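Notes follow once the structure below has been shown.
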Amino acid sequence: MAKRTIRELDVAGKRVLVRVDFNVPLDEAGRIVDDTRIRAALPTVEHLLAQGASVILMSHLGRPRGRRVPALSLAPVAERLSQLLGRAVGMAPDCVGTEVAAQAAALQPNVRFHPQEEQNERTFAQHLAELGDAYVNDAFGAAHRAHASTEGVPRCMGAGASGLLMEREIAYLDETLRCPQLPFTAVLGGAKISGKIELIEHLLDRVDALLIGGGMAYTFFKAMGLEIGDSLLEEDRIDTARQLLTRVELPVDCVVADRFAADAQVQVVACDAIPRGWQGMDIGPQTRQRYADQIARGGTIVWNGPLGVCEMVPFAQGTQQVALALAAATREGAVSIIGGGDTAAAVAQAGLAQAMTHISTGGGASLECMSGRVLPGVAVLDDEES
Ligand SMILES: Nc1ncnc2c1ncn2[C@@H]1O[C@H](COP(=O)(O)OP(=O)(O)O)[C@@H](O)[C@H]1O
Ligand SMILES: O=C(OP(=O)(O)O)[C@H](O)COP(=O)(O)O
């Protein structure tokens, strides 16, 4: 269901309380390593400011467990946001209370410094709600959390609109997957089946092909009765894998290593010939070609999870080639949708981020959305007027 967006709000002269997901990675010195999520919120903030609104932003950063953790202050984020907006961004003294001034653009401290945030405590939500005349949620990455700033506040206010990032994420991860341009292909990798059962089952009813790679492939091979050496195995998922065997496409060859290390000995073997003592680290060249051919058929391609241990250069080729195939298909008119933090990072590292139709800013949220779940932070927003 499409949601009412900030384009339909009259915000001139109003205080707009915006939940953003500024949960960005920081290095040991507290510097921002990747500002993608800050940049992704700019269209919404700029739109509201241009319409004459006072913008109060709220976000979490990390998991401070309800305590004030100085290392998880949003101060570096306020600084980066200020650089990107080209205007001052104030830092409010607290999330709630009379001192929180509605400035032209102000960022509150980490909402998770208050335990009531994650408890979705009603009074806390009410206090947050009092800060704004209108509520906007642009924090897609946190929309799977029913917390005060994502669910409680719009419930208290009885209204909430989606920001422009939220609109785009819902459009691709929900609406496009409901009515995809055909053929519809899913590429699933990553370490484990366990976190992705719901996604696999939801997609299987809809896709023309579901291509499996990554560590999860080896539990499928085990279910086929194959030797998998020391490859990643989820014993408790063998039965599930067995039930899905005939409905998914599995690698035909793989890159194996004699230990889990970038400088390990490496060989390419057929998937039914993994030697004892070796472990599967990437899809092999034949599989890469097959998967690239399927992707080249166009339509809609959704991708979640690296095809191999892509953090290590010798095992990154499967992931890179799938990324290249997706970029080429997108140039030819296919719709490519990418979800998952590691997958998005791999695409960015390959320099292909601009070549995809949509890369989600959410990890857990994108997985849940693509699995057909209604996210609590989305459900509570107003529906688009028809
Ligand atoms: N064959 C494999 N063996 C072990 N780990 C793997 C293998 N293939 C991929 N992985 C790991 O899967 C992880 C990413 O999986 P996942 O968290 O599901 O991705 P995403 O963050 O995109 O959702 C990476 O750390 C990668 O090293
Ligand atoms: O980074 C986030 O999630 P993600 O790592 O699943 O993308 C969101 O900000 C949610 O954070 P949380 O998982 O601590 O609730």
Side-chain angles (χ1 to χ4, degrees), residues 19-26 34 36-38 40-41 59-65 72 77 110-112 117-118 138-147 149-151 169 187-197 199-200 212-221 228-234 251 254-257 259-262 264 271 274 278-284 287 302-319 322-323 338-349 359-371 375-377:
R19 176 54 155 104
V20 284
D21 185 5
F22 286 167
N23 185 23
V24 291
L26 301 172
D34 177 0
T36 305
R37 281 178 166 169
I38 305 174
S59 177
H60 74 285
L61 175 60
R63 294 176 173 171
R65 297 176 179 273
L72 294 177
V77 175
N110 195 337
V111 280
R112 289 194 188 169
E117 159 67 1
E118 291 176 70
D138 211 24
F140 177 76
H144 57 321
R145 308 291 185 212
H147 293 171
S149 64
T150 57
E151 207 269 346
E169 296 271 14
V187 184
L188 296 185
K192 294 177 175 178
I193 303 180
S194 44
K196 297 191 181 168
I197 295 284
L199 178 64
I200 296 174
I212 297 279
M216 68 162 80
Y218 302 93
T219 300
F220 283 95
F221 294 146
I228 63 164
D230 295 338
S231 305
L232 204 66
L233 171 66
E234 285 178 282
C254 51
V255 179
V256 294
R259 62 204 166 87
F260 193 82
C271 285
I274 298 175
W278 291 65
Q279 51 191 294
M281 302 287 273
D282 195 8
I283 55 172
T287 310
V302 54
W303 179 22
N304 174 280
L307 283 301
V309 185
C310 60
E311 302 89 338
M312 299 182 195
V313 174
F315 314 113
Q317 281 195 51
T319 303
V322 161
I338 289 147
D342 289 320
T343 320
V347 170
Q349 215 185 349
I359 301 181
S360 179
T361 54
S366 72
L367 205 61
E368 288 196 25
C369 195
M370 291 192 291
S371 301
L375 309 184

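The chain is numbered in sequence order, starting from 1. Just follow the structure's listing: the first ligand is 1, and inside any ligand the first atom is 1. Here the structure is a predicted model, which is why all the values come from computation and not from measurement.
In this structure, R63 CZ and R112 CZ are separated by 6.5 Å, a value rounded to the nearest 0.5 Å. Separating the CD1 atom in I193 from the CG atom in L233 is a distance of 9.0 Å, to the nearest 0.5 Å. The CG atom of L26 sits 7.5 Å away from the CG atom of L72 when rounded to the nearest 0.5 Å. The structure places CD1 of I283 at 11.5 Å from CD1 of I212, a figure rounded to the nearest 0.5 Å. To the nearest 0.5 angstrom, C310 atom SG is 12.5 Å from Q317 atom CD.
Between the side chains of T150 and R19, no donor-acceptor pair is found at a separation under 3.5 Å.
R37 pairs by the salt bridge (charged side-chain N to carboxylate O under 4.0 Å, His left out) definition with D21, not counting sequence neighbours. Applying the ring-ring contact (aromatic ring centres under 6.0 Å, His included) criterion to Y218, with sequence neighbours excluded, gives F221. Partners of E151 according to the salt bridge (charged side-chain N to carboxylate O under 4.0 Å, His left out) rule, which considers only residues two or more places apart in sequence or in another chain, are R155.
Each of the following atoms of ligand 1 lies closer than 4.0 Å to a heavy atom of G280: 1 (N), 2 (C), 3 (N). Short contacts between ligand 1 and T343, defined as distances under 4.0 Å to a heavy atom of the residue, involve ligand atoms 20 (P), 22 (O).
For ligand 1, the polar-atom distance check finds an N/O of G215 within less than 3.5 Å of one of the ligand's N/O atoms. Note: no N/O pair closer than 3.5 Å links D282 and ligand 1 by distance alone.
When A191, P306, G318, G308 are ranked by how near their heavy atoms come to atom 19 (O) of ligand 1, first place goes to P306.
Using a non-hydrogen distance threshold of 4.0 Å, Y218 registers as a contact of ligand 1. Heavy-atom separations between G363 and ligand 1 are all 4.0 Å or longer. The closest approach between Q279 and ligand 1 stays at or above 4.0 Å for every heavy atom of the residue.
At a heavy-atom distance under 4.0 Å, only side-chain atoms of K196, from C-beta outward, approach ligand 1.
The protein atom (non-hydrogen) at minimum distance from atom 6 (C) of ligand 1 is V309 CG2, 3.7 Å.
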Check each N or O atom of ligand 2 against all protein N or O atoms and list the pairs under 3.5 Å, with atom names and distances to 0.1 Å, one per line.
| residue | atom | partner | partner atom | Å |
| --- | --- | --- | --- | --- |
| ligand 2 | 1 (O) | N23 | ND2 | 3.0 |
| ligand 2 | 1 (O) | R37 | NH1 | 2.8 |
| ligand 2 | 1 (O) | R37 | NH2 | 3.3 |
| ligand 2 | 6 (O) | G364 | N | 2.6 |
| ligand 2 | 7 (O) | R37 | NH2 | 2.9 |
| ligand 2 | 7 (O) | G363 | N | 2.8 |
| ligand 2 | 9 (O) | D21 | OD1 | 3.0 |
| ligand 2 | 9 (O) | D21 | OD2 | 3.1 |
| ligand 2 | 9 (O) | N23 | ND2 | 3.0 |
| ligand 2 | 9 (O) | H60 | NE2 | 3.0 |
| ligand 2 | 11 (O) | H60 | NE2 | 3.2 |
| ligand 2 | 13 (O) | R63 | NH2 | 2.6 |
| ligand 2 | 13 (O) | R145 | NH2 | 2.7 |
| ligand 2 | 14 (O) | R63 | NE | 2.7 |
| ligand 2 | 14 (O) | R63 | NH2 | 3.2 |
| ligand 2 | 14 (O) | R112 | NH1 | 2.9 |
| ligand 2 | 15 (O) | R112 | NH2 | 2.8 |
| ligand 2 | 15 (O) | R145 | NE | 2.6 |
| ligand 2 | 15 (O) | R145 | NH2 | 3.4 |

